Every structure is written in C-alpha cells, then in structure tokens.
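Along the sequence shown, the residues carry numbers beginning at 1. Values in this document were obtained by computation on a predicted structure and should not be read as measured data.
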Amino acid sequence: MPKLTIDGKEIEVDAGMTVLQACEQAGAEVPRFCYHERLPLSGNCRMCLVEMERAPKPVASCCMPVGDGMVIHTNTEKVKKMREAVMEFLLINHPLDCPICDQGGECDLQDQAMAYGAGMSRFVESKRAVPDKDFSPLIRGVMTRCIHCTRCVRFANEICGTSELGGVFRGEHLEIGTYVDKAISSELSGNMIDLCPVGALTSAPYAYKARPWELSKTESVDVLDAVGCNIRVDARGDAVMRIVPRLNEDVNEEWLGDKSRFACDGLNRQRLDQPYVKKGGKLQPATWDEAFAAIKAKADGLDGSKIAALAGDTVDVEAMTALKDLLNALGSKNMDCRQESSTVDPNVRASYIFNTTIAGIEQADALLIVGSNPRIEAPVLNARIRKRYLMGGFKVGVVGPNTELTYKAEHYGDDPAMLRDIASGAHAFGKILQNAENPMIIVGAGALMRSDGAAILAACKTIADATGMIKDGWNGFNVLQTAASRVGGLDIGFAPTDGGLDTAGILDACGDGKVELLYLLAADGMEAAKLSDTFIVYQGHHGDSGAHLADVILPGAAYTEKNGTYVNTEGRVQQGHLAVFPPGEAKEDWAVIRALSGVLGKTLPYDTLAQVRARMAEINPVFATVNEIQPADWQDFGPSTVGGGDIQSKPLKSHIRNYYMTDPISRASETMAACTAEFSGEAERTGTDG
C-alpha cells in the first residue's frame with residue numbers, strides 16, 4: 001500500500017486510488033467540477049489542481065494515481081492562485097443568471113466561486129452565447145451556462161448506456177447536445193440534473209416554481225415501482241414541489257428513475273378529497289358518517305364468504321394489515337394483494353422476492369432474464385445490471401421480449417418452453433449457468449401473470465437448482481416485482497388461505513353474484529363487466545378507474561401524505577414519512593379502516609400507528625427490523641403449491657406497456673403525459689406502447 005504525505009500528514013492508502021481520493025481520506029478538501037466518484041475520469045475542469053513535489057507542473061489530482069513517496073500540497077499560495085485562475089477562466093463566459101437560475105442555492109459553481117475564486121475578473125470581452133437545447137419534456141437546457149465538465153455525457157454513456165449526448169466543435173466553441181436533435185430517451189435522464197454542477201441542466205417541470213430555501217425536506221421512499229428507491233420529498237406548504245434521490249448504496253446508490261422523480265405533479269391533480277356515495281346512479285358528495293352508514297347497510301347480515309377485498313400497487317403495509325384484520329373479523333378469507341394475478345406462492349417468501357439483492361447483482365457472473373424488460377420495469381435495478389456488465393466477465397441471456405437493453409444480451413426467443421432445455425443442460429445458456437461461479441435468474445412479473453405462470457415459476461426454480469444457483473452465501477433466484485405493495489402484502493398475509501378466493505376467483509365470483517361486497521384498496525384496472533351488480537367500496541387517493549366503479553368512495557392519502565411501511569422487491573422493509581398533509585377530508589388509510597371497523601361493530605384493537613406496526617411484527621417478524629435484508633428459506637414451490645399445469649407456447653412479454661404511466665399518480669401527471677407523447681415513437685425500441 002503506497003504511503004504519501006499530504007499537507008504534512010503521512011497516510012497509507014490503497015493502491016489504485018487517485019490523489020484526490022487520497023486527499024479526501026487525509027481530510028484535505030479539494031474542489032472539483034468534472035470529477036464524480038461514479039463516473040469515468042475526464043480531467044476537464046482542472047479545478048482540482050494540486051502541487052506535487054518534484055513535479056514540473058501542477059497535477060490534476062482526480063486523474064493522478066497515487067504513488068509511494070508522493071508529497072502533495074493542497075493549501076499553498078501557489079495552489080490558491082491556480083484555483084483562482086481556473087475559476088476566472090470558467091467564469092469568462094458564464095452568464096450572471098444566479099438570481100433567476102433554478103440551480104441557485106444548490107450550485108457547485110456558486111459555492112466554489114465564493115470559496116476559491118478571486119472575487120474579480122480581468123476579462124472585458126463579450127461573452128459567448130449558446131442556443132438553448134430542447135433535451136426532453138423533463139430537462140431544461142440553458143447551455144450558455146455549461147462549463148463542459150461532461151458529467152452528463154459520461155452518465156449517458158456509462159450509467160444509462162444510451163450514448164445520446166456528446167460534444168461538437170472544439171475549444172471555446174464546444175457544445176454539449178444530442179447528436180441529431182432528438183429527446184434524451186433514457187428512463188434515468190433526470191439524474192443529469194443532479195450531476196450538473198451548474199445551471200446548464202435543470203428540471204423543466206420545476207422551472208421557476210420555488211427556491212431551495214423555501215422547501216421543507218422529508219426523507220422517504222419511492223412507491224412508483226418495486227425497487228424502493230430512497231428519496232427526499234421537497235414541499236412548500238401543502239404541495240410537493242419536487243422529488244430527488246437520496247443516497248443508499250444497497251438500493252439505488254444515488255440514482256432515481258424519471259417516473260419516480262417527475263410524476264409528483266400528479267399528486268395535485270384528480271384527487272379524492274371527500275367521501276362520495278352513489279345515489280340515483282350517480283356519485284354524490286357525502287360526509288364520513290354517510291359513507292360509513294352506506295357500507296354498514298350493505299355489510300349487515302352479509303355472510304363473510306360474500307365479502308372480498310383487493311389491494312392495489314401502491315398501498316402501505318399498515319393499510320393492508322388493518323383491512324386483513326377487518327375482513328377476518330367479518331369472516332372473509334377472500335383477499336389478494338396480487339392485483340395482476342401473479343402465481344407466486346404466498347407461503348414461500350423465496351418464491352416472490354429478489355433473493356440475490358440489488359447490491360448482490362455485482363457479485364453475479366451470468367444472468368438469465370425470463371419474461372421481463374428490466375429497463376422499463378425497474379430502471380435503477382437495470383442500471384445495476386449494466387454496472388456489473390461493464391466490469392466484464394458477465395454473460396446475459398434473455399427468454400422473453402426482444403428489447404434494447406443497455407447491455408449486451410443474447411436473445412433466445414420468447415417461447416417459455418425453452419426453459420426446459422436450459423434446465424436440462426441441452427441449451428447452450430444452460431451450460432453457461434452451470435459453469436458460472438454465481439449464476440442468477442430474473443423472472444419478470446409478466447411471466448407470472450399468465451395462466452401457466454406457476455409452471456414457468458417451477459421451471460425457473462428447476463433451472464436454479466440444476467445450475468447451482470442456490471448455495472451457502474448465494475441465492476441466484478429472483479422475481480422482479482413491479483408494484484411497491486406486492487412483497488409487503490404477501491409478507492403480511494394479504495392473500496387467500498383455507499379456500500379463500502384469489503384475484504381471478506374474486507372477480508369471477510363478483511360476476512356470478514357470489515361476492516356482493518368488494519373492497520378496492522387503491523386497486524384500479526378492474527373490468528366493469530366482471531363486477532356485475534357488486535357493491536364496491538373504493539378507498540384511494542386519485543379518481544382513477546377504480547373510483548369510477550365505486551358505490552362508496554373513501555378518500556385516502558398518497559405516499560407523500562402518510563407514514564407508511566413498504567417492502568421492496570428484495571424484501572427490504574423501509575418506511576416512508578409524511579411530507580404534506582392529505583387534501584380536504586382525506587385520511588391515512590389504516591385510520592379510515594380502523595374507523596370503519598368501529599361502525600361495523602368489529603372494532604380493531606389498535607388506535608395508533610405504533611400499535612399497527614406492532615401488529616405487523618406479530619403477524620410476521622420481518623417487520624420488526626427496518627432497512628435490513630433477511631434472507632428467505634429456500635423451499636419447494638410451483639404447480640403443486642399454487643396450482644397450474646404445463647407451460648404454454650405463447651410469447652413471453654413484459655406486462656408494462658408504457659413506462660411513464662403505470663399507476664394513478666403517474667396517470668394523473670401532465671409531465672408523464674408529455675413524456676408519453678414525446679416518446680411514443682420509441683415504442684418498438686423499448687417494448688412499450690408509448
């Protein structure tokens with residue numbers, strides 16, 4: 001390990017580190033613009049220049065590897081003058097936009113000009129101006145502010161894998177832009193806003209809406225997919241102004257998908273802010289007492305077998321716990337959180353989680369993707385797969401939709417019957433998995449929604465067993481969920497038991513008149529024809545398709561408006577926190593169900609959030625530990641445990657057709673509607689309908 005001296009302090013660092021990293025380890029602050037720890041080195045900005053003894057000229061510390069015996073100075077008068085000179089050059093053409101720039105208050109250039117600049121400029125020549133670029137409905141490009149750090153270019157090339165940004169011309173005339181004046185189509189493009197150290201790339205939907213110091217900041221988790229990205233919700237008053245990622249190395253690193261970042265404007269549109277009761281065939285505003293009375297009038301005397309409930313994709317575990325307890329008290333076992341009718345075994349946790357863990361992807365050396373398009377189902381997780389691919393020695397095979405992923409993959413068709421050949425070793429990729437040290441498989445939710453989903457799941461389990469995916473310290477079997485509520489619902493037991501009906505059975509029973517009261521907990525997408533004359537209670541936060549079917553509407557809270565627990569696809573229990581209060585008369589979902597239980601004469605035994613969470617831990621100990629992974633036991637699952645027959649030879653495909661609109665919040669978002677219109681031409685490339 002090299003030893004070097006930094007500002008008179010001798011330290012020992014790992015070989016391969018840069019001088020800048022060594023300086024940080026020694027506690028010396030070195031300014032930078034182009035350097036970012038997750039991006040390839042470029043050495044563009046020269047702001048990180050330091051003085052090195054015996055070197056003929058200053059060195060760019062971000063690109064200089066450490067060497068034994070180096071003597072580095074970061075705070076001499078010479079270094080101070082270097083930084084002032086570099087800052088002076090960077091500001092030659094920079095416009096004085098600070099009073100109106102959305103980056104103001106969070107701008108690296110502002111901060112470092114204050115800390116390291118000379119405070120004056122000797123240049124009087126006319127400033128250069130660059131035409132603004134139309135990058136997409138999400139990114140506002142004011143390229144006169146650009147200092148050519150190329151962070152955005154390197155992010156597009158390395159993390160996104162789309163190579164849509166680059167530089168044209170040279171020297172002072174260099175311009176960053178898309179090559180053919182097309183919109184940036186990556187599902188991770190919004191991260192360029194965070195990476196940009198100046199105001200060249202800012203959020204288009206957020207432009208001129210608020211200043212950073214006006215916002216209250218709340219740490220939470222995202223629920224618009226199943227990755228469970230850690231986020232920070234920035235709000236002003238009762239409105240969520242923006243959502244930005246929060247660092248979590250094990251889940252999302254510091255990235256966030258565009259839908260999760262920009263769909264927040266949908267939180268303020270098409271909201272349910274008071275109860276409604278259907279009178280004379282039309283929904284009419286009502287009080288809470290009137291809404292509860294209407295439900296009680298229907299439920300009184302109704303046998304438990306005639307009552308059922310479905311939970312939607314963004315529901316918190318607290319609400320599902322309360323609804324499950326209420327249904328049990330009413331004598332009903334008809335409940336399901338698998339709105340899409342997936343055939344995972346609710347009694348075997350290993351059959352429905354991402355066992356490898358998201359961070360564990362970096363340890364794999366071969367991957368089989370079955371019936372999934374991770375790029376649109378979980379963009380942040382897909383970025384982790386690309387990160388592993390760039391490390392080398394990683395082979396990817398796909399049985400399913402032939403889409404343009406962000407890494408090289410061999411497509412073996414979309415016939416699931418091929419899974420048998422892979423399991424037996426007759427297929428070439430089966431041999432690759434057998435020879436791999438840490439092989440893994442990803443089964444998409446789309447593959448499990450089919451009538452033969454259980455058989456496909458069993459075939460994938462056979463592959464895992466036959467190729468050595470399950471061993472001490474490694475479980476390569478993974479199901480990629482797409483709904484934030486799915487794993488939590490299965491963990492809490494919001495699934496049929498002892499003859500209860502699942503989603504398909506509940507809908508069929510509604511059509512046959514065997515279920516007379518259906519409780520939709522933020523569940524949308526039900527076909528009206530299947531529900532016949534069923535009395536429907538809809539509890540949710542948006543006037544989406546489920547609300548249109550309802551006889552009674554109970555307004556609930558969105559994920560930014562309550563303290564809730566969610567379990568991501570890898571089985572990690574996380575908690576979101578209230579950033580703003582629900583609009584109007586809307587209430588937290590578990591509290592609504594608790595109040596309803598009292599009216600129905602089945603009062604639930606908890607009155608506080610802490611008591612509900614204690615009940616969750618009582619049902620499943622996994623909820624007693626937050627932010628930690630608890631490995632699941634490997635057990636048998638498949639047709640024998642969840643039903644199902646043989647695999648059918650019909651094409652596997654991803655069930656997500658439009659990445660930008662998958663839930664009530666994103667469907668209400670004007671920004672996501674603009675993205676859908678902009679990228680509708682990308683349908684063939686991404687496997688979406690646009």
Side-chain angles (χ1 to χ4, degrees), residues 16 37-41 154-163 186-188 227 249-255 257 353-413 418-419 421-423 425 427-444 447 460 463-480 569-570 629 652 654 686-687:
E37 58 271 15
R38 301 192 196 277
L39 300 177
L41 303 176
R154 286 175 284 148
F155 176 81
N157 290 338
E158 298 296 319
I159 310 299
C160 296
T162 53
S163 301
S186 170
E187 296 78 17
L188 295 168
V227 175
E249 296 287 356
D250 294 329
V251 181
N252 58 301
E253 296 181 301
E254 58 188 84
W255 313 130
I353 68 171
F354 203 93
N355 293 281
T356 300
T357 74
I358 297 171
I361 292 172
E362 297 181 25
Q363 309 304 318
D365 48 7
L367 167 63
L368 176 64
I369 300 174
V370 179
S372 176
N373 180 359
R375 179 171 174 180
I376 61 173
E377 294 176 18
V380 173
L381 184 144
N382 189 67
R384 187 81 72 149
I385 298 175
R386 174 170 170 79
K387 179 181 180 181
R388 174 62 189 90
Y389 168 76
L390 293 176
M391 294 177 185
F394 185 60
K395 294 186 179 296
V396 182
V398 176
V399 178
N402 186 13
T403 58
E404 184 180 327
L405 299 170
T406 58
Y407 36 84
K408 184 178 179 181
E410 293 293 332
H411 184 249
Y412 296 114
M418 192 176 301
L419 298 174
D421 296 335
I422 296 175
H427 192 279
F429 202 80
K431 294 181 173 63
I432 291 174
L433 292 174
Q434 288 174 355
N435 295 330
E437 181 69 23
N438 291 325
M440 63 181 286
I441 186 172
I442 293 178
V443 187
C460 293
I463 292 173
D465 290 329
T467 57
M469 288 185 187
I470 316 301
K471 55 188 177 183
D472 288 343
W474 180 258
N475 186 332
F477 182 87
N478 304 292
V479 171
L480 179 56
T569 189
E570 60 179 351
I629 292 290
L652 285 166
S654 172
T686 60

Are any non-hydrogen side-chain atoms of [X] and [Y] less than 4.5 angstrom apart?
X: I361; Y: L381; value: yes
X: I369; Y: L405; value: yes
X: F477; Y: D465; value: no

State which residues pass side-chain hydrogen bond (donor to acceptor under 3.5 Å, both in side chains) with [X]; sequence neighbours excluded, sorted by chain then number.
X: D365; answer: none
X: T356; answer: N478
X: D421; answer: none
X: N355; answer: none

Could you state the interatomic distance from [atom1] ([X]) to [atom2] ([Y]), rounded to the nearest 0.5 Å?
X: I441; Y: N475; atom1: CD1; atom2: CG; value: 11.5 Å
X: N252; Y: I358; atom1: CG; atom2: CD1; value: 8.0 Å
X: I442; Y: S372; atom1: CD1; atom2: OG; value: 6.5 Å

Would you find a donor on one side and an acceptor on the other, under 3.5 Å apart, between the side chain of [X] and the backbone of [Y]?
X: T569; Y: V479; value: yes
X: W474; Y: G468; value: no
X: R154; Y: L39; value: no
X: R375; Y: E404; value: yes

Could you pull out the closest heavy-atom pair between [X] and [Y], with the gap in Å?
X: L368; Y: V398; answer: CD1-N, 4.5 Å
X: S163; Y: N157; answer: CA-OD1, 3.0 Å
X: L188; Y: A383; answer: CD1-CB, 3.8 Å
X: S186; Y: T162; answer: CB-CG2, 4.0 Å
X: V251; Y: V227; answer: CG1-O, 3.4 Å
X: C160; Y: T406; answer: O-CG2, 2.9 Å

Does E253 have any salt bridge (Lys or Arg N to Asp or Glu O under 4.0 Å) partners at least two apart in sequence or in another chain, and if so, which?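 Partners of E253 under the salt bridge (Lys or Arg N to Asp or Glu O under 4.0 Å) test: R38, R384, K387.
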Only pairs at least two apart or in different chains count here, so list each salt bridge (charged side-chain N to carboxylate O under 4.0 Å, His left out) that has a residue in residues 393-403.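 As it turns out, there is no salt bridge (charged side-chain N to carboxylate O under 4.0 Å, His left out) pair with a partner in residues 393-403 once direct neighbours are skipped.
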Pairs where residues 379-413 contributes a residue and the test ring-ring contact (aromatic ring centres under 6.0 Å, His included) is met, not counting sequence neighbours: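 Qualifying pairs: Y412-H427, Y412-F429.
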Residues 431-438, side-chain donor-acceptor partners within the protein, below 3.5 Å, at least two apart:
| from | atom 1 | to | atom 2 | distance (Å) |
| --- | --- | --- | --- | --- |
| K431 | NZ | G425 | O | 2.6 |
| N435 | ND2 | K431 | O | 3.1 |
| N438 | ND2 | Q363 | O | 3.1 |

Sequence neighbours left out, what passes side chain to side chain contact (heavy atoms under 4.5 Å, CB included) with L41? Give chain and number order.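 Counting only residues at least two positions away or on another chain, L41 forms a side chain to side chain contact (heavy atoms under 4.5 Å, CB included) with T18, Y35, C63.
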Under the side chain to side chain contact (heavy atoms under 4.5 Å, CB included) rule, collect the residues that match up with I629, sequence neighbours excluded.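 Testing I629 for side chain to side chain contact (heavy atoms under 4.5 Å, CB included), a comparison that skips the adjacent residues, returns T357, E570, R572.
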Go through R388 and M440 one step at a time and tell me if the side chain to side chain contact (heavy atoms under 4.5 Å, CB included) criterion holds. CA-CA 13 Å; R388 174 62 189 90; M440 63 181 286; over 6 Å; no
